[in-house]
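Input: a single structure, listed below in structure tokens.
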Amino acid sequence: MENITLAIIKPDAVAAGNAGKIIDRILQTGFKIRASRIIHLTRGQAEDFYAVHRERPFYDELTTFMSSAPAMPLVLEKSGAVEEFRKLMGATDPAEAEKGTIRKDFAKNKGENAVHGSDSDENAQKEVAFFFAQSDILGNF
Ligand code: CMP
């Protein structure tokens, strides 16, 4: 599992018409897309996905935003996928994100920050399973 991660192109980026540019950036960086879909999360689904942040002050804002419009989850493959995608994504706050990162170029603020990426191999496994059945994913993991 160390070669896959779950990415989400968040509602702000999809609504702004930036999904194509972000996918292009992902492919140009050497990731292979093993599964993709577009989904308008319900509030309950957003709450379940981000359950680990339940006690955080931004949980309500985060789950309202993530269920506000369609998003695009992707299963990405690359050696060291979790770490590699976190590098490409940039810091949570776009004001702190490095030049050339997706969040630097497409995120508005800490909340509406264009993309999500798994933070560990263990969470990647859980997050992939949240959106995809094994039969939706190309290749054998
Ligand atoms: P993500 O990688 O999807 O994981 C958790 C999300 O919580 C994070 O990106 C941000 O979008 C959001 N988040 C983190 N900190 C804040 C904050 N201070 N205010 C609003 N949203 C936040």
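This one's a predicted model, so the numbers in the text were calculated from it and none came from an experiment. When a ligand or atom number is given, it counts from 1 through the structure's own listing order.
- Close approach of ligand 1 to N113 is summarised as follows: ligand atoms under 4.0 Å from at least one heavy atom of the residue are 8 (C), 9 (O), 10 (C), 11 (O).
- Under 4.0 Å from ligand 1, the heavy atoms of R103 that appear belong solely to its side chain.
- Counting heavy atoms under 4.0 Å from ligand 1, residue K10 touches it through the side chain alone.
- Nearest approach of T5 to A124, heavy atoms of both residues: CA-CB, 4.0 Å.
- Ranking the protein heavy atoms by distance from atom 1 (P) of ligand 1 puts H116 ND1, 3.4 Å first.
- Under a 4.0 Å criterion applied to the non-hydrogen atoms of L62, ligand 1 contributes the atoms 6 (C), 7 (O), 12 (C).
- In this structure, L6 and L74 have side chains that are not in contact, with every pair of non-hydrogen atoms separated by 4.5 Å or more.
- Shown here for A19 and I9, the closest heavy-atom pair between the two residues is O-CD1, 4.0 Å.
- Taking every non-hydrogen atom of Y50 and a distance limit under 4.0 Å, the qualifying atoms of ligand 1 come out as 1 (P), 3 (O), 4 (O), 5 (C).
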**Request:** Could you walk me through whether H116 and F85 pass the ring-ring contact (aromatic ring centres under 6.0 Å, His included) test, one step at a time?
**Result:** CA-CA 9 Å; H116 166 83; F85 188 69; 8.7 Å; no
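- Taking CD of E112 as the start and NZ of K10 as the end, the distance is 9.5 Å to the nearest 0.5 Å.
- Some N or O of K110 is nearer than 3.5 Å to an N or O of ligand 1, by distance alone.
- Contact detail for D136 and A35: the closest heavy-atom pair is O-CB, 3.5 Å.
- The closest non-hydrogen atom to atom 12 (C) of ligand 1, taken over F49, F65, F58, Y59, comes from F58.
- Using a 4.5 Å heavy-atom threshold, the side chains of R103 and V115 count as touching.
- Here H53 has side-chain heavy atoms under 4.0 Å from ligand 1, and that is the only part of it that gets that close.
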